[in-house]
Amino acid sequence: MEGCGEDGQVKLLGVAYSSFVVRVRIALALKGIHYELIEEDIYNNKSELLLQSNPVHKKIPVLIHNGKPICESMIIVQYIEEAWGSKAPFLMPKDPYDRAIARFWAAFVDDKLTQSIWGVFMGEGEEQVKAVEESVANLLLLEETLSGKAYFGGDEIGLVDIALGGLLVGVQMIQKVTHTVLIDTQKMPLLSAWAHNFCMADGMKEVLPDAAKLFELMSERKAKLTSPPAKIG
Amino acid sequence: MAVEDCEPKGQVKLLGTSQSPFVVRVRIALALKGIHYEYIEENLQNKSPLMLQSNPVHKKIPVLLHNGKPVCESMIIVQYIEETWSSKAPNLVPKDPYDRAIARFWVAFVDDKVGPCIRGIFMGRGDEQQKAVEELVANFLWLEEALRTSGKAYFGGDEIGLVDIALGSRSQWIKILEKVTNIVLIEPEKMPLLRAWMERFLEADGVKQVLPDEAKMLEFASAIRARFAAAPAGN
């Protein structure tokens with residue numbers, strides 16, 4: 001497909017409600033890149049294409065650019081930035097130090113924050129309380145980093161915004177399903193404002209997961225976790 | 001000490017500990033690029049104010065301080081070194097965006113999959129340890145295949161790159177683990193390329209000079225393992 005030359009053929013294997021897929025969709029939307037979204041049945045029937053493209057992890061998202069697969073959401077986002085390096089907006093700062101800081105916080109979101117928030121969703125009782133405390137502590141660190149900027153990336157959405165923004169609707173639904181407050185508007189005014197602005201930004205509405213649908217999926221999943229074991233026989 | 005050069009230099013300090021493979025990663029990158037730096041040994045039982053100020057989020061080493069500005073997380077530091085001293089050979093990161101994505105993929109694989117298995121084997125016993133061994137062998141087989149696909153001396157090509165640094169820095173630990181647990185993790189018959197790569201890496205210029213002393217590491221590792229493998233004290 002002749003796009004503006006650089007585009008080539010872009011496919012994205014994923015599911016619309018996955019935070020990790022959403023991250024990639026955000027990056028593609030910001031860069032104005034046309035692509036084909038291929039919905040995968042990840043629980044019951046992964047496609048041949050997915051298994052061939054990501055044989056190591058067999059997970060989504062996978063971006064396939066001119067037939068070549070790229071895996072892992074934040075690696076895909078950096079790939080998009082670099083492969084479409086001359087297309088604004090720029091998702092990464094130019095200065096090496098600023099890039100290191102952006103990578104640091106993106107890694108923080110992936111290694112620390114997602115783990116603690118997952119703990120809130122999966123946990124019960126004491127365990128859940130601990131996970132909430134940890135999540136709040138992690139979010140407060142992000143609140144501090146935001147200090148006075150519209151986005152983590154500065155005036156425009158950048159790597160860290162995408163890392164966290166992809167998770168946003170998921171976090172909001174986890175709060176609802178577990179009856180917990182993680183992004184507290186009083187404790188985290190900057191982060192709350194950021195979340196609002198991010199969701200309202202150009203192109204975001206089309207790629208963020210449907211909140212109601214995600215709530216339904218998560219409620220179902222949570223119910224399965226906490227329901228009594230299956231009957232014998 | 002001001003040195004007029006066409007390379008951005010300034011003052012480089014590295015906070016680390018002598019046994020850490022994560023610190024080794026940074027030392028390899030600095031050595032390959034020929035960057036002079038001051039190494040500051042940290043005592044993890046008594047972390048310095050500099051360390052706590054420089055990495056308040058994780059309070060971990062390594063931390064690179066370049067002109068007073070801290071960079072944390074070993075592979076982020078390595079990429080920073082590459083980007084700051086980009087005109088200095090060798091290039092640790094491929095030029096092509098796709099090759100970069102592949103390199104980053106394997107780096108993530110080393111840290112997310114290989115690392116926890118190593119820890120699991122080291123700290124675990126019985127069934128748990130056996131499971132970790134099986135998983136690690138499976139992970140190594142993927143890396144063997146990646147080497148086969150590359151067809152070159154290193155994951156990075158003809159020269160050491162990001163993946164070599166990420167995995168290679170753990171080589172000593174892998175060898176020590178084999179000694180201490182009496183389990184062969186990288187069987188030469190099943191993984192000839194990986195075994196050869198590891199020996200090549202450990203002997204490479206820029207690497208061998210910065211590796212921690214193997215005897216000391218073995219002592220350190222044996223002590224930790226004894227603590228974990230010992231039967232619970234009767235108190």
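Note that the structure is a prediction, hence the values are computed from the model and not measured. Each chain gets a letter, A, B and so on, in the order its sequence line appears, and its residues count up from 1.
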Min side-chain heavy-atom separation B:W142-A:P55 under 4.5 Å: yes
Considering all heavy atoms of both residues, which atom of B:A108 and which atom of A:I75 are nearest to each other, and what is their separation? CB-CD1, 4.3 Å
Is any side-chain heavy atom of B:I102 less than 4.5 Å from a side-chain heavy atom of A:Y79? no
Contact check, side chains of A:F104 and B:V57, non-hydrogen atoms, under 4.5 Å: yes
Quick one: sort the A:F108 and B:H58 rings into parallel, tilted or perpendicular, breaks at 30° and 60°. tilted
So does B:E134 have more than 12 non-hydrogen atoms from other groups sitting under 6.0 Å from CD? yes
Would you say A:K58 has more than 12 foreign heavy atoms packed within less than 6.0 Å of its NZ? yes
Ordered numerically, the heavy-atom neighbours of chain A under 4.5 Å found in residues 148-161 of chain B are none
Does any backbone or side-chain atom of A:R103 lie under 4.5 Å from a heavy atom of chain B? Answer side chain, backbone, both or neither. both
Between A:R99, A:M74, A:K112, which residue shows the highest count of heavy-atom pairs closer than 4.5 Å to chain B? A:R99
How many angstroms lie between atom CG of B:D112 and atom CG of A:D111, to the nearest 0.5 angstrom? 7.0 Å
For A:D41, does the CG atom have more than 12 heavy-atom neighbours from other residues, nucleotides or ligands under 6.0 Å away? yes
Is the number of heavy atoms from other residues, nucleotides or ligands under 6.0 Å of A:K149 NZ greater than 12? yes
Crowding at CD, B:E128 (>12 non-hydrogen neighbours, <6.0 Å): no
With a 4.5 angstrom heavy-atom cut-off, could you sort out which part of B:R104 is near chain A: side chain, backbone, both or neither? both
Are the side chain of B:Y98 and the backbone N or O of A:P69 linked by a donor-acceptor pair below 3.5 Å? yes
For the atom pair CD (A:E82) and CG (B:D96), what is the distance rounded to the nearest 0.5 Å? 9.5 Å
Is A:K46 atom NZ crowded by more than 12 heavy atoms from other residues, nucleotides or ligands, each under 6.0 Å away? yes
Could you tell me whether A:E39 atom CD has more than 12 heavy atoms of other residues or ligands within 6.0 Å of it? yes
Heavy atoms of other groups near B:E41 CD, more than 12 under 6.0 Å: yes
